[in-house]
Structure formats: structure tokens, C-alpha cells
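Below is one structure; the comments refer to it alone.
Only this structure's heavy atoms are used, side chains among them; waters, hydrogens and symmetry mates stay out.
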Amino acid sequence: MYNFQENEQKWQRAWKEASVYGCDPTQNRTSSCIYVLEMFPYPSGRIHMGHVRNYAIGDALARFKKAQGCAVLHPMGWDAFGLPAENAALERHTHPRDWTYANIDAMRAQLAVLGLSYDWHQEIATCHPAYYRQEQKLFLQFLKQGLVYRKRATVNWDPVESCVLANEQVIDGKGWRSGALVERRELDQWFFKITDFAEDLLEGLDNLPGWPNKVRLMQKNWIGRSQGLTLFLRVEGESEPLSLFSTRPETIFGASFIAIAPQHPLAKKLAEKNKDLNAFLQDCSRISTITADLETMEKQGFATGISVYHPFLEGKTLPLYVANFVLMTYGTGAIFGTPAHDVRDFAFAQKYNLPIVQVIQKEGETTLPYIEKEGIMVNSSFLDGKTVPEAFALLTKEAERLGVGKISTFTRLRDWGVSRQRYWGCPIPVIHCAQCGVVPVPEKDLPVLLPEDVSFDRSGNPLEWHPSWKNVSCPVCGQSAQRETETLDTFVDSSWYFLRFCSPRHESAPFAQEAVQRWMPVGYYIGGVEHAILHLLYARFFSRALRVCGYDVPEEPFTQLLTQGMVCHPAYQDTAGNWLFPEEVERKGAIYVKRADNTPVTVSRSEKMSKSKKNVVDPDKMVQTYGADAVRLFILSDTPMDRDLEWSEEGIEGCWRFVNRVWRLVEQYTKEYSPPKEENAAATEAFLRRIHPLLDQVTTLYAHVQFNRVIALLREGISVLYEAIEKQNIAEASLREAFRSWTIVMSPLMPHLAEEVWQALGEAPFVVTAAWPKSDPVYLVKESVDIAIQVNGKTRAVLSVAREAPQEEVTNAVLAVPHLSAILKGKTIERTVFVPQRILNFVLA
RNA sequence: GCCCGUGUGGCGGAAUGGUAGACGCAGUAGACUUAAAAUCUGCGAACUGUAAAGUUGUGGGGGUUCGAGUCCCUCCACGGGCACCA
């Protein structure tokens, strides 16, 4: 049996000693430099199967590219700031830093046993001052360029703990610890101006052919660009006109009310003189910001009693409402309501008895609200009789002519709020001075280090409670001032780490320009599809922002994006409803029982591995049982990368058997096999005609990142080699060469085994540095081909004919087959379709 | 509600408009073995037939084509993203 325990450790040591995975920093940027990157992990403490899948994919690619002669940058690091460290600190009375670094060490050790081809000299952790120092520098440059600003924004406020909560800390509208009802509160916070780039980020998606369509679409929808008309309406008693945005301005003649958001400046202004309105606004603010709650919320409005003048109908007015379903964060925070053609407006009009005037009519369509854009305008003044698109064009033109409206575009995308009222993150390097306002920390004072002596025994932000840390003197006027106590969203850390990876020890700047020139953009970026929107959009924004700051970085950081599916497993429950780990369960024929007491177990359908349902498989245990090579092989076989994968005990067993099958083959060949005394030229040629096409296909499939198919062909190749040594008539040089190339071909997937085989074949170390084998075109051309014989498109037989056989020859061959000639006998052949090497179709009359 | 994706044996899945089911898992028969495990060799869509062969088959219905898993229309089921976005 193959001794994976010993071999895997042996080769991991040998690779390390020989530094086989270092990338040569002197290499110039050519097409043969490639950057392979897997999304760096959060150091939670344990590697899970999702990580294994992610890194197995990246590693196979990195090794393949290296063998093909590319210089490969394949780094690994840690997305090390974040809330879980603070929670752990609270629970276990440790320091977030200690917890994080201990986790990093544990996970690094777990990764080591998988035999991944990282160059650990490139390692970075975002919580390291050398890293966040550069991030602070970038923040200040963004600030200087006007890409960062401060604005009042709504947060989740826990009134008992008197602190801000992250969205995930709000459960059912209540604080996770206090259980108090969460309120909306307005706080001054930092924002990145991602909306400045909305248009560019949207257009850029068209230049990303290496991204899955799905991800591009998700980003497109997230940016949510829509075109329409902004109207400026006169409001009774106000000097300023009210702006409101609509994508359906042609329905204006069906409008029966105007509504503004509770946070709208006009609403606030009116509330000063109106107690009831003020109470209504208070009510609205008591509702949390969590979207799940908004869904179920009832539409409520407050009639202000104020009139708004219709822009196109002299003397007509519309009542002004403040309504909880109007969002301040989209458009202008004000709308006109057309109940007949909008679901929400319809519900609102019904509740408050407002007129419902139909302005679009489609034959056969009588139910309201009717929201489609098909039909003819009615009750609409000068728009009557027009189609909807005509009406849109006509109305916008008229609005612009009258100066009451303007064509405009709004996006759903909002600026990126980066303020976090937390300890374990990158401190925002500014100082608040009563005299000078917001003052950037001078570069010589960077980094602004996190204070070490913090306690987590009280709620809120430890930086806020620290006795001395925030008290500083103003760098401009010298008066006493206060540090910003907010830290940056951890998504900021992960928006540029791939640039830092190009030159991780660079001191004077976030990255060395020539290193970025050499490696960027990332050739293959691999990770879960759950990052399809936020992380990837932020990273794309960062690239653009950096360019504004004068850095020469590519606009799009990731050329190829590979999104992997989840790793799934059925979940088990015993009769009492307790979740059981897979190893606690045993299969007995068609049923499953609990190992401990043989009681029956219910099995759920396969779903994402999660601790709560205990349907997890520990990578360490699998590696101990079957070896890293078998685990890596299994996680890449059978299922295409972008689909969900079901982990199965049978599957990993099968891969373990294959590892042994390969090793047995090699032992037979190197120890027992003796080359034939007389080589058979025909057999050798037949052998080569099987091996070379396989090699050719397998190379293409590697390049297309279709590892499940790579593995299928790899297995076929091994079977061909088995047959060859059994027959014992293949020319030794050819056989040896085939063994050699097949070892290289398996090495990206099973590097330890490949190395062991390589050594057994008497080759010099290491297979991981060997060049990829080339297939010989001579053996790729088939001499004879199987051609399908069809009658009326239905396949009746398959005949083997010479590759260049003309139609006549094939027809003769067909007639020579009794049952085929019987079918055709006495029938009139209307036409024949002949596709050389593929098909001959007789179309009967 | 809007947008997108997927649907192929018992299972995971293959298949530039041209032989549907590669490869694996599970199954099954045989070889080796005192026996088991391991290993090796077969067999496997369904139905009819001893066989040769035939019929039906890629979620349902329709269409384009000499020929459709693949392209078009429509319906159904499942999965994902967004969601009071005006």
C-alpha cells in the first residue's frame, strides 16, 4: 500500500528546503508571468472543506502554469481584522491580537499538510502594523483627492449598550446581547465615494470576458442604473421647488399624491411646526435599518395638508404626504404617486382614499394596478393616444422646454460607509480639532497603532473608552484634540491586499510599482460566489481610486474570476432531533443508524456544511486517513468547479484507491517489469496513438480549468499504461516517456505522489519543476474513424472506415452490411448528407 | 414581484448542431483466496426478443433542421441574486 504519511511529509520538507515555490523577483513582465490568487481566508481558527476546495483549485492551476514555463506568483495571507476576534476576546478573556495570531498559526499548519505551492515569504496579515500603516496612507491620499468624506448616516443603535451594532449583530430587530429594540440613529461617518465611479464600474463589466456572466449581472443589478426624469415642483408656502425622480414620468397625469421620505429635509422642516408630524417622524426612526423588517412593514403616510402644484395642469394641486415607504437614500427622496400603475402607490391610495386614475389602457387588460409599458395613453392631456415610449419622449421634452424637469440617471449604488465603531480594525488616521476641524495625521506619525492595553468588559468601542489613546494635540495648531476612534471596515483591507502581495515587504509605499507592473492584474482569482458583489466591487473601485491618486495600477484587478460552488453533505438527526456528525452515523443497507446505539437516523438532503447542523467533515481527519493527494483529487473530481459538490465517504475512498492503483502500476513497472526482447512496432504505434491524444486533451482541459474532466482522462491514461505493461510489447523508450509525461500530468493534482513516482522512475528531483510534456502531432491524427450511418437522421450502425474515405467508399461499406442494405433495399433515396469522418445520412423519400 | 441559472441512468457527471450516458460512485457476475479483505476481468437506460435486431428515451408541450441534450417559443420544477430603488 502506498505510504502517504511518510511520503507527504518527506516531500513537503524537501520542497521547503529546496525553495521550489519561490517566484523570481527579477523576472520582467512578460506574457509568461502569471498571478494565481485564492481569496485569502479570515483566520477563524480551523480550515474547512470550502477552503480545501478553493486552495486545491488554485494550487492545481499554479502548478500547471509553472510546469508550462510561467513565472507564477502564488501567495497566501490572512484577512485578519474583524468582529469575531473581539467576540472571542469577550468570551475567553483573551486579546483579539493573541486570538488572531494563534488562529493564523493553527491554520498555517493545517494548510501545510495539504502540500500547497505557496511561497510563504509572501505572507501578509492585514492586522500587522506594516500592512495597516500603508492602508492609512492610502486613506489619507483618498481624503486628499476628495474620495473620502464625512456624512451623517443611519446606523443600528443599541439604546441599552449605547453603541453601534453591525447588521449581523441585530437579530429580529433586537441587539444580540442586550435584546433591546434597535433604533435608527444618525451619526457622522466616513464614506468612500464609490458612486463617483458607478458609471465606470458598470461599463467596465463589459471588458471582463474572464468573469462569469452571473457575477457581472449581479454587479450590474447591484449598481442598478436607471434613467428617468427629475421634476421640480412648486410647493405651497415654500420658495424652494421640490425635486422628485421618476422612471415613468409619462404617468404624471395619473398622479394623485406626492410623497416624501421621513428623512427628507422638507419633512423635518415641516415637523418643526407640526407636533403630529414630528411624532410620525419619531415613529419611523424607531424602526431598525434591517431590510428584512422593511419588507413586512405596512405602508403608512402622514397628510401634511400642504398642496403641490401639478407641473402640466394649470391650477391642479396634489396633496403632500410624508410616507414611510419612500427612501431618502434613492433618487431625491420624493415621488409622485400614480396608483393605477404602481403596486405601492395603489396600496397607499386605497388606504388613504386617494383617486385612482388610469392613464394607460391596454385592450383586454382591466385589472389595476397595471404596471406594464404596453398600451395607449388616456386621460393624459397632450399625451392621449400615444404609446408609452412615445409619451415618455414627448413628456420629457416638454418638461425640459418648460424648465420643470430634467432627464437624469440614478443608481441604486450608494457610497460605501467604511466607519466601524470597533477596536479590531485599521484606525482611521485623522484627528478632530475644535479649531481646525478634521486634520489628517501627518505621514511621519503613521502608523496610528492600535493601543494594546484595552479591555472588553464593557460594551461599545474600546478605543472610545481608552483612558489616554484618543487624547492628542492637533498637528496644525497644537491645541488639545482627539483621535478618530473609528476603524475601517475590513472590506477595505481586502480591497488592495492583492497589490501588497506583489511586494509584501515594501516599506516606503503600499506596493512597489515595478512589482505591480510585473504581476498585476491577477490572472486567476478564485473564491466563493458569495463575494460576487461586495468584495469584488470594492476591489474594482479601489483600483480606480488608486489611479486617481496617481498609482499606475490596472483598472480591472482580476482578469479571470473563477467562482467555486459550496461543499455540501447530508445532515443527520437522531430520534430526539439532535444533529449528529457524519462519523457518528453508520449506513446499514438502505437505512442509516446511530453508531452508539443503533437507533435510526433521519437524513436530510445534501446542504452546505455548517457547524450548527454538524454536517461537516474535518479536512485534517481526511488527510490523516487518506492523505492530502487523495483529498485534493476527490475535491476536484466529478463535480465542475462552479457547482456545489457533495462530499462522500465513497468518493474519497475511490480516490484513495486510485492513488494506490497508480502506485501499484509504478511499482510493477519499476520493480517487476522487464522490457520486451522484441519490440512490436505496430503495438507501440497503437499505444502512442492512445496516449498522445489523451495528453493533448488533458492539457487543453487544464487550461480551461475543467479538473473533473482532467481527472477522467488521467484515469484513462493510467489504464492505458496498465494495458501496455501487461502486453509487454511496447518499445521501452516510448513506454518510459509515457510514464514520465503522465507523472508530470498528475503532479498539479497529486504533487506528493507524483514526486514519489518521479523518484521511482529515476528522474532527478523535482517533478514540480519539470516542464509540461508536449503531445506529438503525428499521433493525434486518426488513421481510421468511426462513422455513424443514419437513415432519416436515426443512427442505424457505426462503421469503422479510413479517415479520408470518400462518400462512395462509405456507401459501399454500408451496402456490404446485410441489415443496412436490407433497410435501404427498394427505397428511394431522396438525398444523402455526408459529413466526412462523422456521419452518412440517407434521407428516404 | 424583478433578474439570472439549472433540469441527462440508482447517484456525481461527459457530450464544437452529427454514435447520448466518457470517467467515477453504488450495484452485479466471475477470477484469485480455505475464507474474507484487497486486487483483477466482465456486465449494465428502459421495454420487446434466445439472438440478430427493434421501439422508446436528456423535466412537459410545440417549432427550426437531413439530424436537437445542444438553437427558438411556451409551460413546469428546483436553485441563486436583488427587493418599498419610484
Q. Toward the 5' end of RNA chain B, which comes first, T332(A) or L701(A), by nearest nucleotide?
A. L701(A)
Table please: side-chain donor-acceptor pairs of residues 325-333 of chain A below 3.5 Å, with sequence neighbours left out.
| unit_1 | atom_1 | unit_2 | atom_2 | d |
| --- | --- | --- | --- | --- |
| Y330(A) | OH | S226(A) | OG | 2.7 |
| T332(A) | OG1 | S243(A) | O | 2.8 |

Work out how far the [atom1] atom of [N] is from that of [M], and round it to whole angstrom.
N       : M       : atom1 : value
rC25(B) : rC76(B) : C1'   : 30 Å
rC84(B) : rG17(B) : P     : 41 Å
rA29(B) : rA38(B) : P     : 15 Å
rG44(B) : rU28(B) : C1'   : 8 Å
rC23(B) : rC71(B) : P     : 26 Å
rG13(B) : rC32(B) : P     : 39 Å
rU41(B) : rG79(B) : P     : 42 Å
rU70(B) : rG80(B) : P     : 26 Å

Heavy-atom pair with the smallest gap, counting every atom of [X] and [Y]:
X       : Y       : result
A60(A)  : L749(A) : CB-CD2, 4.1 Å
R53(A)  : V567(A) : CD-CG2, 3.9 Å
F392(A) : G228(A) : CZ-CA, 4.4 Å
I356(A) : A349(A) : CG1-CB, 4.1 Å

Starting from [atom2] on [N], measure out to [atom1] on [X] and report it in whole angstrom.
X       : N       : atom1 : atom2 : answer
E830(A) : rG67(B) : CD    : P     : 11 Å
F325(A) : rA86(B) : CZ    : C1'   : 9 Å
N841(A) : rG17(B) : CG    : C1'   : 13 Å
Q807(A) : rG18(B) : CD    : P     : 19 Å
R216(A) : rG80(B) : CZ    : P     : 23 Å
K608(A) : rG80(B) : NZ    : P     : 12 Å
D642(A) : rG80(B) : CG    : P     : 15 Å

Taking only side-chain nitrogens and oxygens of [X], does any of them come within less than 4.0 Å of OP1 or OP2 of [N]?
X       : N       : value
R657(A) : rA26(B) : yes
S648(A) : rA26(B) : no
R709(A) : rA15(B) : yes
R661(A) : rA38(B) : no
S226(A) : rA86(B) : yes

No-hydrogen, no-angle side-chain donor-acceptor test under 3.5 Å, [X] and [Y]:
X       : Y       : value
R709(A) : S637(A) : no
R216(A) : N213(A) : yes
Y722(A) : Q668(A) : no
Q219(A) : R540(A) : yes
S604(A) : E607(A) : yes

RNA chain B contacts among [range], heavy-atom distance under 4.0 Å:
range                       : value
residues 712-727 of chain A : A712(A), R715(A), E716(A)
residues 333-352 of chain A : I335(A), R344(A)
residues 410-417 of chain A : R412(A), R414(A)

Non-hydrogen side-chain atoms of [X] and [Y] separated by less than 4.5 Å:
X       : Y       : answer
I252(A) : H310(A) : yes
L320(A) : F257(A) : no
D629(A) : F4(A)   : no

Q: Would you kindly check whether a donor in the side chain of Q790(A) faces an acceptor in the base of rG18(B), or vice versa, at under 3.5 angstrom?
A: yes
Q.
Checking one value: the base orientation of rG27(B), syn if chi is within 90 degrees of 0, otherwise anti.
A. anti
Which part of the nucleic acid, if any, lies within reach of [X] when heavy atoms closer than 4.0 Å are counted: base, sugar-phosphate only, or nothing?
X       : value
V843(A) : sugar-phosphate
G224(A) : nothing
K794(A) : sugar-phosphate

Q. Can you check whether L383(A)'s main-chain N or O pairs, donor with acceptor, with S380(A)'s side chain at less than 3.5 Å?
A. no
Q. When the aromatic ring centroids of Y626(A) and F634(A) are compared, is their separation below 6.0 Å?
A. no
Q: Tell me which nucleotide among rG18(B), rU39(B), rA86(B) gets nearest to the side chain of R664(A).
A: rU39(B)
Q: With the side chain of V326(A) defined as its heavy atoms from C-beta on, choose the nearest nucleotide among rC84(B), rU56(B), rA86(B).
A: rA86(B)
(Q) My understanding is that only residues two or more places apart in sequence, or in another chain, count here; which of them pass salt bridge (charged side-chain N to carboxylate O under 4.0 Å, His left out) with R225(A)? (A) E199(A)
Q.
According to salt bridge (charged side-chain N to carboxylate O under 4.0 Å, His left out), who are the partners of D415(A), at least two apart in sequence or on a separate chain?
A. none
Could you go through residues 796-803 of chain A and list every donor-acceptor pair under 3.5 Å that involves a side-chain atom there, pairing it with any protein atom two or more places apart or in another chain?
| unit_1 | atom_1 | unit_2 | atom_2 | d |
| --- | --- | --- | --- | --- |
| R803(A) | NE | K782(A) | O | 3.0 |

Distance-only donor-acceptor pairs under 3.5 Å for side chains of residues 830-845 of chain A, two or more places apart:
| unit_1 | atom_1 | unit_2 | atom_2 | d |
| --- | --- | --- | --- | --- |
| T832(A) | OG1 | Q807(A) | NE2 | 2.8 |
| N841(A) | OD1 | N792(A) | N | 3.4 |
| N841(A) | OD1 | G793(A) | N | 2.9 |

**Q.** Geometric class of the F312(A)/F253(A) ring pair [parallel <30°, tilted 30-60°, perpendicular >60°]
**A.** tilted
Q) Taking the six-membered ring for Trp, are H569(A) and Y572(A) parallel (under 30°), tilted (30 to 60°) or perpendicular (over 60°)? A) perpendicular
**Q.** Pairing pattern in dot-bracket form [Watson-Crick, G-U; both distances under 3.5 Å; | = partner strand] for RNA chain B
**A.** (((((((..(((.....[....))).(((((.......))))).((((....))))..(((((..]....))))))))))))....
Q) What does nucleotides 1-13 of chain B look like as a protein-contact string, B for base, S for sugar-phosphate only, - for none, at under 4.0 angstrom between heavy atoms? A) --S--------BS
Q: Quick one, give me the B/S/- string for nucleotides 43-53 of chain B, reading 5' to 3', where B means a protein heavy atom under 4.0 Å from the base and S means that only happens at the primed atoms, P, OP1 or OP2.
A: -----------
Q. Would R690(A) and E716(A) pass as an ion pair if we require N to O under 4.0 Å?
A. no
Mind listing the N/O atom pairs, protein and nucleotides 61-65 of chain B, below 3.5 Å?
none

